[in-house]
Amino acid sequence: MSETAHRYTAELADEIELAWQDRWESSGVFNAPNPQGSLADPDELAKRDGGHLLVLDMFPYPSGAGLHVGHPLGYIATDVYSRYHRMLGKNVLHCLGYDAFGLPAEQYAVQTGQHPRVTTEANIVIMARQLRRLGLGLDQRRSIQTMDPDYYRWTQWIFLQIFNSWYDRDAERADGGRGRARPISELVAEYSSGERALPSDDGRGWEDLSDLERADILDSHRLAYASEAPVNWCPGLGTVLSNEEVTNDGRSERGNFPVFKRNLRQWMMRITDYSDRLADDLDRVQWPEKVKAMQRNWIGRSHGARVAFPVVGTHEGAEPIEVFTTRPDTLFGATFMVLAPEHPLVDILVPEGEWAPGTNPAWTGGKPGPQTAVTAYRRAASRKSDVERQIEGKDKTGVFTGAWATNPATGEQLPIFIADYVLMGYGTGAIMAVPGQDERDWHFADVFDLPKIRTVQPSEGHPEDEAFTGDGPAINSANDSIDLNGKPVAEAKAAMIDWLVERGHGQATVSYKLRDWLFSRQRYWGEPFPIVFDTDGSAHGVPESMLPIELPEVPDYSPRTFDPEDAQSSPEPPLGRVEDWVNVELDLGDGRGVQSYRRETNTMPNWAGSCWYYLRYLDPENRDELVSAANEEYWIGPRDSAVDGAPAGTRDPGGVDLYIGGVEHAVLHLLYARFWHKVLFDLGHVSSEEPFRTYFSQGYIQAAAFRDDRGQPVEATEVEEGVGADGHPSFTWRGKPVTREFGKIGKSLKNMVSPDEMYAAYGADTLRLYEMGLGPLDQSKPWDTRAIVGSQRFLQRLWRNVVDEETGEVRVAEAPMDEPTARVLHRTIDAVRRDYDELGFNTAIARLIELNNALTKLDAVPREAAEQLVLMVAPLAPHIAEELWSRLGHAESLTHEDFPVADPALLVEDSVTCVIQIKGKVRDRIEVAADISEDDLREQALALPKVLEATAGGVRTVIVRAPKLVNVVPL
RNA sequence: GCGCGAGUGGCGGAACAGGUAGACGCGCUGGACUUAGGAUCCAGUGCCUUCGGGUGUGCGGGUUCGAGUCCCGCCUCGCGCACCA
């Protein structure tokens with residue numbers, strides 16, 4: 001093709017890259033020795049005396065479509081970082097496994113008519129090949145797959161740990177805090193010894209209870225429990241979903257199908273017991289603030305009070321209405337109450353008959369009496385989808401129940417309404433409405449003609465016709481026994497809570513948005529639960545010795561799916577069809593001997609496998625334990641010092657040193673994994689309290705996509721670019737104008753770019769360099785295939801600086817570097833080290849290009865400069881670096897070679913350019929000695945012709961920042 | 001609506017601590033070498049300019065000798081949350 005036989009072309013890159021990938025694999029250079037177990041290697045471990053580092057990518061799901069160029073971004077970044085740290089002498093663990101279970105794998109299998117294992121295995125082969133071609137330095141011995149029974153036996157084992165524990169809020173933790181998981185056997189012991197009182201106070205002891213009664217008590221404590229509760233049923237997917245998997249307009253995150261609330265018996269995880277620790281410990285990890293905020297938001301902790309409002313009159317069984325409020329200070333301003341339509345007290349409260357005489361017609365919903373009005377409103381509310389509620393926005397609807405309650409502070413009687421702006425799922429499902437200080441209540445009061453009392457003095461200029469939610473002195477807030485007037489909000493809250501407690505009207509409390517985690521799915525392709533039910537219907541965990549409970553082969557693994565709109569349909573787990581698997585005779589070793597059981601037929605969600613995979617990476621071959629204590633502590637045990645930015649006195653929680661992945665898992669995966677990790681910590685299985693000590697959220701690579709006049713995407717590769725009449729680019733497809741947008745790469749936008757095409761046209765090193773050079777890692781940026789040549793040109797120039805393109809001979813000069821070259825080199829080393837440390841790969845590349853360009857200008861490239869440059873390029877473009885390193889005469893791979901160190905003496909310049917400003921504007925430049933004194937510099941500057949000219953009228957001030965700047969201000 | 005983040009050449013993006021704005025790359029312009037150039041190399045490239053200079057980091061103000069960077073008020077875009085009491 002070219003007359004220069006030894007030019008760095010795509011063909012040569014291909015040759016070099018494949019050869020080095022083979023060498024790396026056969027030598028196992030990227031294998032990280034463990035301190036203990038089958039992967040231990042004391043000699044290797046001793047050699048890596050720079051410490052240890054665990055670098056983690058988000059667990060990839062092997063998609064059937066293969067990779068596109070956006071996928072490798074994070075993997076390249078972690079690889080560069082890992083390779084750099086290996087050169088700093090660290091024992092770096094970087095590996096990649098596959099999240100092989102789950103809904104998408106099953107859907108893909110259903111589409112292709114093959115068993116999910118077959119399609120998943122095939123997809124893994126494709127993906128592994130594409131990733132290998134990228135030149136990732138992974139420890140292949142640790143490449144686990146969640147569908148492997150040797151892996152999921154431990155997923156099931158963790159489930160059993162969770163099932164067999166309960167959360168003791170009073171138990172002290174090592175850190176002095178209270179609340180931790182304990183084995184359920186300890187709860188049994190406490191009940192049995194009488195140390196802990198039984199919930200039902202009927203004089204019977206633990207031994208007097210029936211098996212079923214005991215099971216009920218224990219199940220109400222277990223961290224994993226089956227319960228009949230309203231859950232998210234998605235007929236279109238044929239499975240139930242967790243709250244986190246449902247979008248706020250009531251559809252499934254995956255597939256965008258409608259989701260309905262159904263009462264079903266499902267497995268739940270008591271993640272809510274960990275709400276406080278999940279929120280508090282965010283202070284101890286180094287994550288983007290944005291992601292921390294998203295988690296805090298999802299947990300939704302708010303401090304406030306519960307207040308009881310006695311119901312007026314005699315209603316049989318009517319307890320006082322308990323409300324949750326974050327503003328107990330505004331109690332004097334409560335002028336009505338609102339219950340959620342589904343609130344259980346409503347049935348008891350609503351009086352029979354017609355409206356009391358004088359009832360405001362606006363309150364009646366146009367119905368003759370309270371019962372008809374409430375029934376009608378409840379029916380209408382239950383029919384409304386979340387979408388409809390959203391469309392209605394802030395328009396307040398509701399209806400009077402006919403009942404009244406007493407404000408404990410004022411003694412006033414307050415009408416009780418039901419309205420759908422109060423949600424059953426939050427707080428107590430009932431509120432005290434304080435229109436003066438709450439916008440929603442204000443609007444409701446407007447619609448229903450209810451009184452408004454301000455109890456906080458609004459700030460000056462606050463509109464008369466709006467609620468005031470800010471801080472200010474309390475007003476209108478006093479009775480015989482308490483006077484809040486004049487107190488600012490925080491003080492008034494505290495005083496009111498004290499008063500409520502004293503009088504028995506309420507207490508301080510904390511409320512959370514977080515709900516328990518719905519953990520079961522009605523799918524085939526997931527981990528079976530290690531749970532069997534006896535003939536009474538009680539759930540039993542199987543003994544550890546029976547693990548793994550293998551996923552049985554089934555005649556038909558496809559789930560029963562339904563019309564997506566069919567809310568009345570019910571889930572049918574595919575495993576339920578395998579009668580001879582479901583019905584078993586087992587001895588659970590609990591003293592009951594062989595019994596008949598039915599297996600749990602639900603499977604786990606695919607979060608299960610990805611909740612703990614990083615732990616298995618640490619000790620993948622361990623047959624006896626999930627991970628050995630020594631290996632866990634070595635890699636992710638707590639460090640001596642806390643992460644940057646943590647509050648003073650914070651203890652380090654341990655965890656993965658660097659986790660890179662997309663922000664789409666900010667609440668789901670990252671929250672679930674933290675929860676499991678904390679349970680394992682409480683039970684003593686790990687020494688670290690958090691899984692991910694440092695998390696970095698990468699941006700996405702987007703690509704141009706084009707739509708025709710009907711809005712349909714057209715094949716992006718066939719679009720031609722021109723210049724429009726306005727000078728801006730214009731685009732046409734088959735002669736017709738199309739519009740451009742930037743979006744996710746993929747089939748749906750017809751803008752797919754595969755890494756395979758890039759390997760063929762440029763090689764993996766060029767692709768790696770291009771992706772890292774695009775911009776900051778945390779930003780999303782557009783893909784531009786045309787621009788990749790820039791990265792290739794850099795590597796070609798690098799190659800040419802070392803290898804003669806005509807002869808293939810190494811052409812570096814053996815003579816030492818001259819001083820200017822040495823200075824450029826060491827400045828580059830200094831800058832590149834800093835950039836690598838901070839994941840600033842784009843700027844590191846810029847510095848390397850500058851150095852390379854400087855070397856290109858020399859008559860001959862000095863060996864030392866070439867070698868140091870090759871070492872610095874190695875993390876980014878490892879294949880070409882290895883090849884050049886080898887051609888420069890080194891027998892060993894550069895993987896563990898020392899990264900260049902800058903000589904501080906060479907970082908100090910002898911002379912610098914000093915900028916001469918006049919009134920802050922640059923007017924001149926002079927070369928001065930780097931160590932010039934302020935006085936000398938001032939003197940030199942003032943003597944310059946331009947300065948003399950400007951200061952003819954005199955000098956006001958001279959600012960000297962030796963040696964780089966002088967600013968002269970004339971009179 | 002609330003919260004967070006970001007606005008710098010034709011494009012992606014640099015700019016440590018307030019101190020030479022636009023590093024590096026793409027694209028573009030010109031040149032060299034060439035049968036050829038979509039290869040390679042060299043030079044140039046914010047805008048305006050009477051070639052002195054002027055002007056310039058979303059807009060308007062402020063602090064400062066000096067502001068992309070700090071403060072105040074707007075605008076636009078992106079992300080998250082969204083009747084959470």
Side-chain angles (χ1 to χ4, degrees), chain A residues 1-4 7 9 248-249 288-294 296-298 300-302 304 323-327 330 338 340 389-390 392-396 419-423 425-434 437-441 443-444 469 511-514 663 666-667 723 727-729 769-770 773-776 778-791 793-794 796-797 800 805 831 834 840 842-850 852-853 856-857 912-925 956-961 964-970:
Chain A
M1 181 168 172
S2 68
E3 63 274 44
T4 40
R7 170 165 294 171
T9 58
N248 56 30
D249 52 353
E289 275 311 317
K290 177 192 152 103
V291 176
K292 289 191 190 183
M294 284 166 73
R296 287 200 185 97
N297 212 311
W298 187 259
R301 176 169 55 184
S302 51
V323 306
F324 172 73
T325 176
T326 56
R327 295 294 303 276
T330 64
V338 186
R389 277 196 184 192
Q390 210 169 10
E392 284 171 21
K394 295 215 152 43
D395 294 342
K396 292 287 176 287
D420 64 2
Y421 84 95
V422 173
L423 311 172
Y426 183 76
T428 60
I431 62 160
M432 63 177 208
V434 187
Q437 277 76 231
D438 186 287
E439 285 173 32
R440 297 154 299 182
D441 297 345
H443 289 135
F444 193 87
T469 57
S511 192
Y512 304 87
K513 268 162 66 180
L514 185 69
V663 75
V667 235
V723 180
H728 291 287
L769 214 47
Y770 175 70
L774 263 177
D778 56 350
Q779 271 175 39
S780 290
K781 48 239 153 180
W783 175 265
D784 181 6
T785 299
R786 281 183 309 186
I788 301 182
V789 288
S791 304
R793 284 178 196 152
F794 165 51
Q796 283 178 331
R797 285 197 292 268
R800 199 155 44 230
E805 287 192 339
R834 256 183 288 127
N842 55 328
T843 46
I845 291 169
R847 305 312 291 258
L848 293 169
I849 292 174
E850 279 179 305
N852 191 51
N853 288 349
T856 304
K857 290 191 173 67
V912 295
T913 307
C914 177
V915 174
I916 311 298
Q917 297 182 336
I918 292 168
K919 267 180 76 181
K921 294 204 186 294
V922 180
R923 281 296 120 96
D924 209 349
R925 295 182 169 90
R956 195 160 66 155
T957 9
V958 182
I959 286 108
V960 184
R961 292 282 177 273
K964 298 201 69 163
L965 178 128
V966 178
N967 188 7
V968 180
V969 186

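Chain naming here is simple, since letters A, B, ... match the order of the sequence lines and numbering starts at 1 in each. Computed over heavy atoms, backbone and side chain alike; hydrogens, waters and symmetry mates excluded.
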Original post:
Side-chain N or O of Arg793(A) less than 4.0 angstrom from OP1 or OP2 on rC26(B)?
Top reply: yes

Original post:
Using purine N1 to pyrimidine N3 plus N6-O4 or O6-N4 for Watson-Crick, or N1-O2 and O6-N3 for G-U wobble, both under 3.5 Å, which nucleotide pairs with rC11(B)?
Top reply: rG25(B)

Original post:
Can you tell me how far C1' in rG46(B) sits from the matching atom in rC11(B), rounded to whole Å?
Top reply: 13 Å

Subject >> Under 3.5 Å on both distances, the Watson-Crick or G-U partner of rG30(B) >> reply: rC42(B)

**OP:** Give a yes or no on whether the backbone of Asp784(A) and the side-chain of Tyr770(A) come within a donor-acceptor separation of less than 3.5 Å.
**Re:** yes

Original post:
Choosing from rA85(B), rA15(B), rC81(B), which nucleotide comes nearest the side chain of Val422(A)?
Top reply: rA85(B)

Original post:
What's the closest nucleotide to the Arg797(A) side chain, out of rC41(B), rC81(B), rA14(B)?
Top reply: rC41(B)

Original post:
Quantified in whole Å, what is the P atom distance between nucleotide rG80(B) and nucleotide rG25(B)?
Top reply: 35 Å

Original post:
Whom does rA6(B) pair with, Watson-Crick or G-U wobble, provided both distances fall under 3.5 Å?
Top reply: rU76(B)

Subject >> Nucleotide nearest Tyr421(A) (side chain, heavy atoms from C-beta), chosen from rA85(B), rC81(B), rC83(B) >> reply: rC83(B)

Subject >> Straight-line distance of Arg793(A) CZ to Ile788(A) CD1, nearest 0.5 Å >> reply: 12.0 Å

**OP:** For Ala846(A), answer base if it contacts any base atom (sugar-phosphate contacts may also be present), sugar-phosphate if it contacts only those atoms, and nothing otherwise; contact means non-hydrogen atoms under 4.0 Å.
**Re:** base

Original post:
Which of the following nucleotides, rG12(B), rG80(B), rU40(B), is nearest to the side chain of Lys781(A)?
Top reply: rG12(B)

**OP:** Return yes if some donor-acceptor pair links the side-chain N/O of Asp441(A) with the main-chain N/O of Val434(A) below 3.5 Å, else return no.
**Re:** yes

Original post:
Expressed in whole Å, how much space separates the C1' atoms belonging to rG37(B) and rA23(B)?
Top reply: 30 Å

Subject >> Atom C1', compared across rG7(B) and rU57(B): separation rounded to whole Å >> reply: 9 Å

Subject >> Nearest listed nucleotide, side chain of Asn967(A), among rC24(B), rG27(B), rC65(B) >> reply: rC65(B)

**OP:** With heavy atoms under 4.0 Å as the rule, sort Thr843(A) into base, sugar-phosphate or nothing.
**Re:** sugar-phosphate

**OP:** Identify the nucleotide, in any strand shown, that forms a Watson-Crick or G-U wobble pair with rU20(B), with both distances under 3.5 Å; if there is none, say none.
**Re:** none

Subject >> Leu423(A) side chain, from C-beta outward: closest of rA85(B), rA39(B), rG19(B) >> reply: rA85(B)

Original post:
Among rA85(B), rG80(B), rG12(B), which nucleotide sits nearest the side chain of Asp438(A)?
Top reply: rA85(B)

**OP:** Return no unless some side-chain N or O of Asn853(A) is found under 4.0 Å from OP1 or OP2 of rG25(B).
**Re:** yes

